[in-house]
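Please read the structure below before turning to the comments.
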Amino acid sequence: MSGASAPRPERPSGEQPPGIDELLERVRAGYARVEAREAYEAARAGEALLVDIRYAALRERDGLIPGALIVERNELEWRLDPQGSHRLPEATSHEVRTVVICNEGYASSLAVASLHQLGLHRTTDLVGGFQAWKSAGLPVAR
């Protein structure tokens with residue numbers, strides 16, 4: 001039958017799906033997020049790959065983190081999957097430590113959950129996103 005949707009997992013009677021705040025809480029409980037200074041130091045030491053998933057208008061408005069890879073959110077899994085045919089050269093293994101950065105630290109948390117499902121368990125995100133990076137006085141390029 002064409003157009004049929006996949007069966008959905010059964011929920012216990014009366015159980016509501018989580019709202020976004022609860023989902024974020026659940027996702028973030030599964031890994032340790034990093035603060036801006038820690039991400040900066042890890043990248044400087046060559047111990048972490050910074051990946052900026054903000055959309056172009058925000059990058060143009062606020063600037064770039066020097067050395068961070070720019071990967072649009074809708075391409076993230078394809079670019080970071082070390083087994084994928086569209087991967088970035090930096091996506092060499094499932095052991096690469098990656099810090100995903102969005103504008104304020106919300107979309108990046110959901111992106112991390114998706115990357116964890118691909119086996120990229122050393123992936124985390126930046127608390128407060130780019131705005132926290134900028135507020136901490138860390139380098140920003142125009």
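Along the sequence shown, the residues carry numbers beginning at 1.
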Tell me which one of Arg33, Arg97, Arg44 satisfies salt bridge (Lys or Arg N to Asp or Glu O under 4.0 Å) with Glu38.
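Among Arg33, Arg97, Arg44, the one that satisfies the salt bridge (Lys or Arg N to Asp or Glu O under 4.0 Å) with Glu38 is Arg97.
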For [Y], does its backbone N or O pair with a side-chain atom of [X] as donor and acceptor, under 3.5 Å?
X	Y	result
His94	Gln83	no
Arg142	Arg61	yes
Asp125	Ser109	yes

Take the angle between the ring planes of His121 and His116 and call it parallel below 30°, perpendicular above 60°, tilted in between.
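Ring orientation of His121 relative to His116: tilted.
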Rounded to the nearest 0.5 Å, what separates atom [atom1] in [X] from atom [atom2] in [Y]?
X	Y	atom1	atom2	result
Leu126	Leu138	CG	CG	9.0 Å
Trp133	Glu35	CH2	CD	12.5 Å
Thr123	Gln117	OG1	CD	12.0 Å
Ile70	Leu50	CD1	CG	10.0 Å
Glu90	Leu69	CD	CG	4.5 Å

After noting the C-alpha distance and the side-chain angles of Leu76 and Leu115, does the key distance pass the side chain to side chain contact (heavy atoms under 4.5 Å, CB included) rule?
CA-CA 8 Å; Leu76 188 65; Leu115 293 170; 3.7 Å; yes
Would you call Arg122 and Glu47 a salt bridge, using N to O less than 4.0 angstrom?
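No, this pair does not count.
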Just wondering, do Val71 and Val100 contact through their side chains at under 4.5 Å, heavy atoms?
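Not touching, per the 4.5 Å side-chain cut-off.
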Taking the side chain as every heavy atom from C-beta outward, state whether Ile65 and Ile101 have any pair of such atoms under 4.5 Å apart.
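Yes - at least one pair of side-chain heavy atoms lies under 4.5 Å apart.
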[X] with [Y], same ILVMFWY side-chain cluster at under 4.5 Å:
X	Y	answer
Leu80	Val96	yes
Tyr40	Phe130	yes
Val34	Val51	no
Leu58	Leu64	no

Just checking Glu22: does its CD atom have more than 12 heavy atoms from other residues, nucleotides or ligands closer to it than 6.0 angstrom?
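Yes.
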Only counting residues at least two apart or in another chain, list the ones meeting side chain to side chain contact (heavy atoms under 4.5 Å, CB included) with Tyr106.
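Only Leu24, Arg28, Glu104 meet the side chain to side chain contact (heavy atoms under 4.5 Å, CB included) criterion with Tyr106.
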Got a sec, which pairs hit salt bridge (Lys or Arg N to Asp or Glu O under 4.0 Å) with one end in residues 73-85, sequence neighbours left out?
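Counting only pairs at least two positions apart or across chains, the salt bridge (Lys or Arg N to Asp or Glu O under 4.0 Å) contacts touching residues 73-85 are Arg73-Glu77, Glu75-Arg79.
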